Amino acid sequence: MFRKILIANRGEIACRVMATAARLGLRTVAVYSEADAGSKHVAMADEAVLIGGAAVADSYLRGDRIIQAALATGAEAIHPGYGFLSENPDFVEAVEAAGLVFIGPPASAIRAMGLKDAAKALMVKAGVPVVPGYHGADQSADLLAEEAAKIGYPVLIKARAGGGGKGMRLVEKPSDFAAMLAGAQREGQASFGDPAVLVEKYITKPRHIEIQVFGDAHGNVVHLFERDCSLQRRHQKVIEEAPAPDMPPQMRDAMGKAAVEAARAVGYRGAGTVEFIVDGSDGLRADGFWFMEMNTRLQVEHPVSEAITGLDFVELQLRVAAGEALPFAQQDLTINGHAFEARVYAEDVPKGFLPATGTLEHLAFPPGSEFARGAIRIDSGVRPGDRISPWYDPMIAKVIVHGPTRATALRMLEEALAGCHVAGSVTNLAFLGALSRHEGFAAGDVDTGLIARDLEGLVAARPASPVEGAAAALAALGLLEPRDPNDPWCALQGWRHWEAARHFVTLTEGDQRHDVTVTILGPGRYRIEGLAEPQELSAERTGKTCIAVQTDTGCAQLDLVRLGQRITVFNAGVSHGFEGIDPLQEAAEADTGGDSVLAPMPGLVTLVSAVKGQNVSKGDALMVLEAMKMEHTLTAPRDGIVAEVLAAAGDQVSDGTVLLALEPENA
Ligand code: ADP
Ligand code: ADP
Ligand code: MG
């Protein structure tokens with residue numbers, strides 16, 4: 001076994017590889033870009049080497065610098081993770097030429113599977129069923145159209161060098177073919193530098209079922225069963241599971257054998273995935289699957305297979321790369337239970353799943369294991385306070401659950417997702433939660449079109465409930481702070497103990513704005529006005545983030561995080577972000593640079609310190625207004641000279657009254 005390895009990646013997969021390396025007593029070297037200097041994968045490694053600028057072309061794709069870093073630190077092998085250089089045969093050759101071990105398949109196997117057309121031709125030879133279609137060298141538009149007609153519509157045009165769902169076009173009828181072909185060629189050229197395409201029969205109710213394979217240097221190849229990755233949005237996986245729902249044992253057997261044949265045909269070694277498309281229109285049949293492509297690396301969704309087999313695939317990768325034989329044979333492997341994985345991303349779902357950025361001011365996961373098997377497993381490359389930058393994949397975490405049955409595991413997934421609390425960036429958590437409750441998904445009736453068909457219902461945002469709004473208002477007013485005797489908020493509550501004190505706060509959620517009045521009725525009892533109907537409720541903090549709210553009709557347990565005046569309420573898998581605005585501060589800000597000071601709310605002027613002709617600086621106290629039983633200091637909106645004092649102590653003033661005027665700025 002190696003003593004030291006370098007991980008040529010970042011984010012969750014770099015951390016995941018390091019977790020296993022550490023468990024096995026291997027030392028680890030991280031590489032990082034300038035944008036990643038403070039990131040989790042750097043902190044987890046024993047050593048870290050800066051390899052360049054934030055852009056991936058300047059860092060994570062710089063094979064030369066990565067190899068240099070390995071040599072300089074004395075690492076013996078390089079783990080590529082997924083993405084980046086993981087499927088680049090030139091990199092593999094360069095690693096080997098430098099006298100290092102590439103933890104992955106031989107360059108020849110990657111090359112053989114690198115182009116979809118050549119891979120398919122190879123699979124036909126190896127006796128693996130492929131999707132009926134054309135994958136020849138002649139790329140003339142007329143010939144491709146003829147082939148499409150022979151295959152029969154609908155057809156799918158794919159860039160042969162494509163990946164990640166790019167360069168694909170579904171063509172419903174012959175008259176659309178020419179335009180769609182041009183589109184796929186353009187995208188193939190732009191994204192992969194290769195305009196060549198293949199044309200396939202489009203499977204109408206397709207399921208994506210893939211087989212995990214492993215090979216070693218001693219000629220052993222096994223499969224570790226299937227994963228169903230049919231829940232996709234625009235050909236990108238969203239939730240994956242293992243095993244596939246309703247998989248007949250004969251079909252599992254046939255697919256496993258085909259995948260092993262595929263791997264053998266290219267002399268495969270290490271972890272790989274053979275992706276098949278399956279016709280799900282009429283149940284699963286042992287002859288109803290076709291080879292799509294082989295991914296010659298560890299897959300994002302590998303943890304679901306680890307869960308059901310009880311194996312650590314990174315450990316196996318390391319052992320195989322170090323020359324050990326696989327420690328089991330096919331007949332030793334069995335499936336235990338059912339697992340799901342959901343990919344949690346920083347993305348703006350209502351805005352069409354736009355990647356988002358932000359600082360993860362609050363980040364909490366449900367209790368579980370990290371990068372290791374368990375009922376709930378969280379694989380994440382970020383920590384609280386880390387930034388999701390625009391440079392890389394906006395993944396926050398993979399949430400993996402493992403239960404005895406599919407139904408149990410799905411409920412666990414829903415629960416685990418509801419236990420993921422993120423503030424500081426929008427996420428797809430509510431969308432994933434909605435998917436975990438989708439009836440068709442629960443019934444195992446999955447196909448790659450499910451999300452698109454039901455998109456509207458899956459992305460519908462639930463508005464904040466009055467109870468959630470009330471909790472936010474109480475938090476904004478500091479009324480839910482922990483009862484720490486040294487905490488000044490506690491003193492404030494004590495001070496208010498005997499009177500029905502009223503507080504006022506403006507609460508915004510997106511472009512919604514509520515002027516909320518909170519009346520303290522007794523310890524922990526409040527009357528809330530300004531959100532829907534007036535409500536009376538009890539609220540108290542029961543944990544670090546946990547708030548119990550009792551109304552006439554029931555009790556709700558919410559989680560709530562307050563960062564300054566930004567409040568995030570988490571409830572049943574949905575989060576709502578509020579901002580509490582102090583009306584005085586808002587008035588002061590609105591007035592910044594203005595010439596006058598207005599009463600922000602009705603109240604009693606109790607003290608006037610400003611005098612006519614006085615030179616004041618921005619922020620200087622001018623007078624005190626008592627409103628809502630609290631004293632508010634009104635301050636100068638800018639530097640200037642007091643032109644007029646229009647209120648005196650004892651005046652009862654109404655909202656918007658001009659209390660003081662400054663000399664005009666350019667006078
Ligand atoms: P596929 O859908 O082909 O099985 P995956 O779902 O495993 O692939 O990942 C989607 C694509 O994006 C893959 O090509 C993978 O290598 C790449 N990818 C995913 N996440 C990252 C990441 N964090 N960094 C780099 N590449 C990534
Ligand atoms: P990529 O390299 O982008 O991952 P794939 O060939 O693996 O490309 O296809 C990605 C996805 O596109 C599949 O998971 C499936 O949802 C869909 N797809 C691919 N081929 C077909 C087909 N012949 N019929 C229907 N859907 C397909
Ligand atoms: Mg694919």
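Heads up: numbering here begins at 1 and tracks the sequence. Here the structure is a predicted model, which is why all the values come from computation and not from measurement. Both counts, for ligands and for their atoms, begin at 1 and track the order of listing.
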Chemist: Nearest 0.5 Å, please: how far is OG1 in T296 from OH in Y268?
Modeler: 5.0 Å

Chemist: Under 4.0 Å from a heavy atom of E275: give me the atoms of ligand 2 that qualify, with their elements.
Modeler: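 Near E275, meaning under 4.0 Å from one of its heavy atoms, ligand 2 has 7 (O).
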
Chemist: Of all the atoms in ligand 2, which lie at a distance below 4.0 Å from a heavy atom belonging to H208?
Modeler: 13 (C), 14 (O)

Chemist: So for ligand 2, is G165 a polar contact partner (N or O within less than 3.5 Å, distance only)?
Modeler: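 Between G165 and ligand 2, an N or O pair is found under 3.5 Å apart.
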
Chemist: Suppose the criterion is side chain to side chain donor-acceptor pair (under 3.5 Å): which pairs have a residue in residues 52-61, not counting sequence neighbours?
Modeler: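 Checked against side chain to side chain donor-acceptor pair (under 3.5 Å) - neighbours excluded - the pairs reaching residues 52-61 are D36-Y60.
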
Chemist: Should we count CZ of R453 as having more than 12 external heavy atoms under 6.0 Å?
Modeler: yes

Chemist: Just how far is it from atom CZ of F340 to atom CG of L231, taken to the nearest 0.5 Å?
Modeler: 8.5 Å

Chemist: Here's one to test your reading of the geometry: is the NZ or CZ of R233 within 45 degrees of the ring axis of F353 and under 6.0 Å from its centre?
Modeler: yes

Chemist: Can you sort out which atoms of ligand 2 are near G162, meaning under 4.0 Å from one of its heavy atoms?
Modeler: 2 (O)

Chemist: Within a distance under 4.0 Å of any heavy atom of E293, pick out the atoms of ligand 2 and give their elements.
Modeler: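 That gives atoms 1 (P), 2 (O), 4 (O), 5 (P), 7 (O), 8 (O) of ligand 2.
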
Chemist: Taking only heavy atoms of I277, which atoms of ligand 2 are found under 4.0 Å from at least one of them?
Modeler: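 Contacts of ligand 2 toward I277, numbered from 1: 15 (C), 18 (N), 21 (C), 25 (C), 26 (N), 27 (C).
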
Chemist: So, does M168 sit close enough to ligand 2 that a heavy atom of it is under 4.0 Å from the ligand?
Modeler: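 For ligand 2, residue contact (heavy atoms, under 4.0 Å) with M168 is present.
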
Chemist: Return the CD1 to CD1 distance between I400 and I376, rounded to the nearest 0.5 Å.
Modeler: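 The CD1 atom of I400 sits 10.5 Å away from the CD1 atom of I376.
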
Chemist: So, of the N/O/S atoms that E275 has, which is the nearest one to the Mg ion (ligand 3)?
Modeler: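 Of all N, O or S atoms in E275, the Mg ion (ligand 3) lies closest to OE1.
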
Chemist: Would you mind naming the N, O or S atom of E293 nearest to the Mg ion (ligand 3)?
Modeler: OE2

Chemist: Tell me every residue that passes ring-ring contact (aromatic ring centres under 6.0 Å, His included) with F91, counting only those two or more places apart in sequence or in another chain.
Modeler: none

Chemist: When you compare ligand 2 with Q232, is there at least one nitrogen or oxygen pair between them that comes in under 3.5 angstrom?
Modeler: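 Right, the criterion is met.
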
Chemist: Has R406 got its NZ or CZ under 6.0 Å from the middle of the six-membered ring of F441, at an angle within 45 degrees of the ring axis?
Modeler: yes

Chemist: So is G164 polar-close to ligand 2, meaning N/O to N/O under 3.5 Å?
Modeler: yes

Chemist: When rounded to the nearest 0.5 angstrom, what distance separates CZ in F276 from CE in M251?
Modeler: 9.5 Å

Chemist: Given that the side chain starts at C-beta and the backbone is N, CA, C, O, which of these parts of I203 lies under 4.0 Å from ligand 2, counting heavy atoms, or is it both or neither?
Modeler: both

Chemist: If you count the atoms of ligand 2 from 1 in the order shown, which ones are under 4.0 Å from a heavy atom of T448?
Modeler: 16 (O)

